[in-house]
Engineer: 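Attaching a single structure in structure tokens format; questions to follow.
Order of appearance sets the numbers: ligands from 1, and atoms from 1 within every ligand.
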Amino acid sequence: MGSRVLMETLPRPIFSTLLLFFWLSAVTASVTYDHKAIVVNGQRRILFSGSIHYPRSTREMWPDLIQKAKDGGIDVIQTYVFWNGHEPSPGKYYFEDRYDLVKFIKLVQQAGLYVHLRIGPYICAEWNFGGFPVWLKYIPGISFRTDNEPFKAAMQNFTEKIVRMMKAENLFQTQGGPIIMSQIENEYGPVEWEIGAPGKAYTKWFAQMAVGLDTGVPWIMCKQEDAPDPIIDTCNGYYCENYTPNQIYKPKMWTENWTGWFTEFGGAIPRRPAADMAFSVARFVQNGGSFVNYYMYHGGTNFDRISSGLFIATSYDYDAPIDEYGLLNEPKWGHLRDLHKAIKLCEPALVSVDPTVTWPGNNLEVHVFNTSGACASFLANYDTNSSATVTFGNGNFDLPPWSISILPDCKTAVFNTARFGAQSSLMTMTAVSSAFDWHSHNEEPASSNEGDSLTAYALWEQINVTRDSTDYLWYMTDVSIDANERFINKGQSPVLTVMSAGHVLHVFINGQLSGTVYGGLDSFKLTFSNSVNLRVGNNRISLLSIAVGLPNIGVHFETWNAGVLGPVTLNGLNEGTRDLSKQKWSYKVGLYGEALNLNTESGSTSVEWIQGSSLAKKQPLTWYKTTFNTPAGNDPLALDMISMGKGQVWINGRSIGRHWPGYIAHGSCDDCYYAGTHTEKKCRTKCGEPSQRWYHIPRSWLNPNGSNYLVVFEEWGGDPTGISLVKRTVASVCADIYEGQPTLKNRQMLDSGKINRPKAHLWCPPGQKISQIKFASYGLPQGSCGNFREGSCHAHKSYDAPQKNCVGKQYCSVTVAPEVFGGDPCPGIAKKLSLEALCS
Ligand SMILES: *[C@@H]1O[C@H](CO)[C@@H](O)[C@H](O)[C@H]1NC(C)=O
Ligand SMILES: *[C@@H]1O[C@H](CO)[C@@H](O)[C@H](O)[C@H]1NC(C)=O
Ligand SMILES: *[C@@H]1O[C@H](CO)[C@@H](O)[C@H](O)[C@H]1NC(C)=O
Ligand SMILES: *[C@@H]1O[C@H](CO)[C@@H](O)[C@H](O)[C@H]1NC(C)=O
Ligand SMILES: *[C@@H]1O[C@H](CO)[C@@H](O)[C@H](O)[C@H]1NC(C)=O
Ligand SMILES: CC(=O)N[C@H]1CO[C@H](CO)[C@@H](O)[C@@H]1O
């Protein structure tokens, strides 16, 4: 129908052009691969990909995130598909709002980028239950990720559903859409290795199942060395340069290149230096790699409760090139953008020929891709401490430790992985409002035998009872204490011991909090063992067991338990120890406040709230509510929860996630030197501080016209008057430029006969200007952005040019050369320029 309309209404020449276009795209729209690369429409491509998980941001953020990825030199957006978000109950699908997968893919397409769709449907991803819906666990006879019929049927159902949906919207490349690749399963290799034959049978099955869906584009399996043809096996890790696919005709692809690491509650905040990141990518490409995905390119936020594996923090920032709030994480974003440009200049040589490798010295390596018409080379220094000079062609090239220089014409270095042309930014959180008018409401510990309460002479597994509809499950029992118990006369207390499979436990005796225990990512099982105050007569023991997400990783993680599984014992009675495990227990799922929807404005009217001087502070199980006006401007917003313990926060009824600033980051935070093999234990920050203090409030969740409703449920006890609304902005920007360092402009300069004099570039975000040069030193300055200091060599006129060029401007540049700073302060020594400028 559509084409007939075109035929009738369009003038003839346009029609024939269109026809030609359709014919051409029908012929050329294809994605295949060979040993060098993914081949898109007949062309081998070096592709940079970035993971952005659509439910970890808002629809309103998507266009900007995708544009920033494109500006950063990203070709492909990679995302998982989140089964438990899309099928909350069997056969009931949800593809709205943050889960509008088709919308997300179409936005990527509109930006002119490709998509790598990782359907899984097991996805790991620090996502609740690794992406599996909770109901899946309760299908009779099911066993996850193995040769099990009920599991395979469900997996096939969902995979088919997604593929059908993509086809219906013409989203595969062969249909003119952006999807150039899909992924089935996820990191299954290690599991298969562990479980043996059923694992192998399952792999064979899902490979056939996926290929049978006939998407027209390649499938990949990551971390699965036995991926059957035609599926491509790919590498995940911090480094992948030594990876070889299982067949010589498959390309070398890196599907998870960790830009940082996730934060756990109780853990320090991991960082990965941009210089090491760029080094690892250059090293992969020089060794023949042709596809690199950054996991994550934008990490985002674990909103709600559905979005968290065990003890994973609400922030999923990941130290990614775009930060949790959608702002550029500099210098990482800019440095990788420059790396991508440099490598793209090499693309014709890289896709045409395999490199020849030479070793000009200890820890030095040279890769040359030389073919008729194109030549590119990579000069590498693997030494972690020493710089080196490599003579190559007619030139000498200085290589800092642990770095690679890229020469897209085999003559001129345009980039070195350890030398930044990109600026750094220091971000700041500034309070915009903290004078909230708080109201409090106490959640009573569940008590008494309500008519509808569940009872059993047993301790039940928590998720079995809650089906993960809430974090909270009350376990209640009665203990009768006789007047002749000896501990009473002796003024002693018996010891209550509660063994729990996790993850957090509050113990209430007769309505009073008696203690709290909690686990962590490494040890989520816990034991409460403490003396408790019991009185003669009946005593009510109420245990509030709290889950912090469901596991997302490990062989048969679906069998892991949560909650109070016992034994529960009372020790110090006349009879010795009384085992309470098999006496009568009653259960209550969730909190009263949850049932009453206190997170919403209408729900909140159903209870009494107190305010002013009687506002509850430092009391466990307290609901707080207030309102605030939407701050002007576009700066991203967050709540500073520093004065609170643990719980959950809602804005206008929507959950911004679990808060847990009371969990202090343990471990050691060392200096962060970029050189040397990276691990997630390296370069951590914020030890001894809350693992997560700030909680992102998406702008689009606020009412543009005024008042917003904020609710906090606090489990531990906190002081809400210490909460503030903050905005995230760029405080200052820095440049750190070495004389003669490779820059992307080098080639043009040499071509025009000029010498290479790099420039420091600084820019403040739109709406802000450089107000002051906080630091400037041409010579041998030390330190890094935020703590630069003068070194043994310093040009006294270091501030003049930056002040003149930059103050009052949004953007400026300063050439790094002696005459700009009133002469050479230390001739014969290689110098650099360090600048810090304030934006306001
Ligand atoms: C698969 O989907 C069909 C309907 O689309 C449904 O009837 C069936 O129960 C599903 N099977 C499983 C195992 O989920
Ligand atoms: C590339 O190959 C050409 C032709 O064989 C040769 O002249 C040139 O020296 C080579 N360049 C490098 C950097 O190896
Ligand atoms: C590099 O220096 C560090 C200390 O700065 C030292 O511990 C390490 O052994 C050195 N490594 C090499 C290869 O020299
Ligand atoms: C799960 O809950 C049901 C009642 O809903 C109970 O009969 C069963 O014993 C429980 N199983 C476990 C393992 O707790
Ligand atoms: C404010 O805006 C929201 C949504 O944009 C709307 O639902 C609400 O009625 C508005 N309130 C007032 C007082 O205009
Ligand atoms: C084996 C391993 O550690 N895999 C991890 C790779 O990184 C992703 C993202 O952080 C995790 O989901 C995997 O568990």
Side-chain angles (χ1 to χ4, degrees), residues 83-84 86-93 121 132-144 148-165 168 205-206 209 213 286 346 348-350 352-358 360 365-379 390-397 405-413 452-469 473-475 499-502 543 545 547 558-568 581-582 584-590:
W83 186 0
N84 51 10
H86 291 306
E87 197 177 353
S89 55
K92 296 264 184 313
Y93 292 102
F132 290 132
V134 175
W135 52 261
L136 195 66
K137 171 172 171 173
Y138 297 97
I139 291 179
I142 204 158
S143 184
F144 287 8
N148 169 275
E149 295 308 323
F151 178 78
K152 290 192 299 187
M155 172 172 173
Q156 179 161 2
N157 250 13
F158 183 71
T159 309
E160 280 175 353
K161 164 96 189 163
I162 295 300
V163 169
R164 264 202 313 274
M165 222 173 148
W205 170 80
F206 70 71
M209 187 267 285
L213 295 175
Q286 74 176 11
C346 306
L350 295 176
S352 305
V353 65
D354 291 329
T356 48
V357 188
T358 52
E365 202 169 78
V366 171
H367 286 72
V368 179
F369 298 77
N370 194 0
T371 170
S372 57
C375 185
S377 48
F378 290 66
L379 316 183
V390 170
T391 304
F392 177 77
N394 297 327
N396 290 327
F397 297 87
S405 277
I406 299 178
L407 288 60
D409 57 358
C410 287
K411 289 189 199 118
T412 326
D452 60 347
S453 70
L454 301 160
T455 55
Y457 288 84
L459 290 165
W460 280 344
E461 198 279 329
Q462 178 158 347
I463 308 304
N464 175 39
V465 184
T466 63
R467 298 293 157 110
D468 200 34
S469 62
L473 178 65
W474 286 100
Y475 293 74
M499 310 276 277
S500 166
L543 308 175
S545 177
E558 78 272 21
T559 60
W560 299 5
N561 293 324
V564 180
L565 295 178
V568 178
S581 313
K582 294 214 161 55
K584 185 175 174 192
W585 288 87
S586 23
Y587 293 87
K588 177 168 169 9
V589 175

Engineer: Just how far is it from atom CG of L407 to atom SG of C375, taken to the nearest 0.5 Å?
Structural biologist: 9.0 Å

Engineer: Would a search of protein heavy atoms around atom 4 (C) of ligand 2 find one under 4.0 Å away?
Structural biologist: no

Engineer: Specify whether the nearest protein heavy atom to atom 9 (O) of ligand 1 is under 4.0 angstrom away.
Structural biologist: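 Not a single protein heavy atom is under 4.0 Å away.
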
Engineer: Looking at atom 6 (C) of ligand 2, what's its closest protein heavy atom, distance included?
Structural biologist: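 Here the closest protein heavy atom is N370 ND2, 4.0 Å.
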
Engineer: Backbone N or O of V568 within a donor-acceptor pair of the S581 side chain at under 3.5 Å?
Structural biologist: yes

Engineer: Looking only at the aromatic ring of each residue, does the gap between the centers of Y587 and W460 stay below 6.0 angstrom?
Structural biologist: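 Ring centres of Y587 and W460 closer than 6.0 Å.
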
Engineer: For atom 14 (O) of ligand 4, what is the nearest protein heavy atom, given as residue, atom name and distance?
Structural biologist: E461 N, 3.0 Å

Engineer: Has K137 got its NZ or CZ under 6.0 Å from the middle of the six-membered ring of F132, at an angle within 45 degrees of the ring axis?
Structural biologist: no

Engineer: So if I apply the side-chain contact (heavy atoms from CB on, under 4.5 Å) rule between E461 and each of N561, L473, V564, which one comes out positive?
Structural biologist: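 For E461, the side-chain contact (heavy atoms from CB on, under 4.5 Å) test succeeds with only one of N561, L473, V564, which is N561.
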
Engineer: Please state whether the rings of F158 and Y93 are parallel, tilted or perpendicular, taking 30° and 60° as the class boundaries.
Structural biologist: parallel

Engineer: Against heavy atoms of N157, which atoms of ligand 1 measure under 4.0 Å?
Structural biologist: 1 (C), 2 (O), 3 (C), 8 (C), 10 (C), 11 (N), 12 (C), 14 (O)

Engineer: How close does the nearest protein non-hydrogen atom get to atom 12 (C) of ligand 4, and which residue and atom is it?
Structural biologist: N464 ND2, 3.1 Å

Engineer: Report yes or no: does A154 have a heavy atom closer than 4.0 Å to ligand 1?
Structural biologist: yes

